[in-house]
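Worksheet: the structure to be examined is printed underneath.
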Amino acid sequence: QAQLLESGGGSVQSGGSLRLSCATAAFGHPNYYMGWFRQVSEKEREGVASINSDGETFYEDSVKGRFTISVDNDKSLLFLEMNNLQPEDAAMYYCAAGRWFKVHGDALKASVYTHWGRGTQVTVSP
């Protein structure tokens, strides 16, 4: 499948902020879900946040109030604003996209997304 491209990862101290970006032009479907997932080592890839073409957003409980997902459709960019980062947020972060009818009802489930980036690393020191 076409590749998405993440950027913006890095290293911050606890309480710091980062903004992740994802170029989504390779996906190209007007009715979509787009999301951010994270993975630590061999653990299961976890859904962090998702947004659909209706503007609805979905968040994993531990990031509610700290992370914000947004999209710039004109520029084909997906963002994840992460504030008050904690060591447990450290992971490889991946952006993903899928067609609306395939993802609806499973917005934070990695297996229903069809297009993925290669990831960007986020490190948070205590």
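Residue pairs meeting the side chain to side chain donor-acceptor pair (under 3.5 Å) criterion with at least one partner in residues 82-91, sequence neighbours excluded, are Ser14-Gln86, Ser17-Asn83, Arg38-Asp89, Arg66-Asp89, Asn84-Gln86.
For the pair Trp116/Leu4, no side-chain contact is recorded, criterion being any heavy-atom separation below 4.5 Å from C-beta on. Side-chain contact check for Glu44 versus Gln39: every heavy-atom pair is 4.5 Å or farther apart. Tyr93 places none of its side-chain heavy atoms less than 4.5 Å from the side chain of Glu6. In this structure, Thr120 and Tyr94 have side chains that are not in contact, with every pair of non-hydrogen atoms separated by 4.5 Å or more. With a 4.5 Å cut-off on side-chain heavy atoms, Leu80 and Phe67 count as touching. Side-chain contact between Arg99 and Thr114 is absent, with no heavy-atom pair separated by less than 4.5 Å. Leu85 has its side chain within reach of Leu18: a pair of non-hydrogen atoms, C-beta onward, lies under 4.5 Å apart.
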**Item:** CA sep, side-chain torsions, deciding dist, call: Tyr113, Ser50, side-chain hydrogen bond (donor to acceptor under 3.5 Å, both in side chains)
**Value:** CA-CA 11 Å; Tyr113 286 80; Ser50 178; 2.9 Å; yes

**Request:** Apply side chain to side chain contact (heavy atoms under 4.5 Å, CB included) to the pair Val122 and Leu20, showing each step before the final yes or no.
**Result:** CA-CA 9 Å; Val122 171; Leu20 306 183; 4.2 Å; yes

**Request:** Go through Val48 and Tyr59 one step at a time and tell me if the side chain to side chain contact (heavy atoms under 4.5 Å, CB included) criterion holds.
**Result:** CA-CA 6 Å; Val48 175; Tyr59 294 95; 6.0 Å; no

**Request:** Show your reasoning for whether side chain to side chain contact (heavy atoms under 4.5 Å, CB included) applies to Leu78 and Met34.
**Result:** CA-CA 8 Å; Leu78 177 71; Met34 294 187 186; 3.9 Å; yes

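For the atom pair His104 NE2 and Asp54 CG, the distance stands at 8.5 Å (nearest 0.5 Å). The line from SG of Cys22 to NE2 of His115 is 11.5 Å long, rounded to the nearest 0.5 Å. Separation of atoms CD (Glu60) and CZ (Phe37) is listed at 11.5 Å; rounding is to 0.5 Å.
Ring orientation note: the planes of Trp100 and Tyr33 are tilted relative to one another, at an angle of 30° to 60°.
Using a distance-only test at 3.5 Å, with no hydrogens or angles considered, no donor-acceptor pair links the side chain of Asp106 to the main chain of Lys109.
More than 12 heavy-atom neighbours from other residues, nucleotides or ligands sit within 6.0 angstrom of CD on Glu56.
Looking only at atom types and distance, the side chain of Tyr32 has a donor-acceptor partner in the side chain of Asn73 under 3.5 Å away.
Annotation: cation-pi pair Arg19/Phe79 present, NZ/CZ under 6.0 Å from the ring centroid and within 45° of its normal.
In terms of the side chain to side chain donor-acceptor pair (under 3.5 Å) criterion, Glu81 has no residue partners (sequence neighbours excluded).
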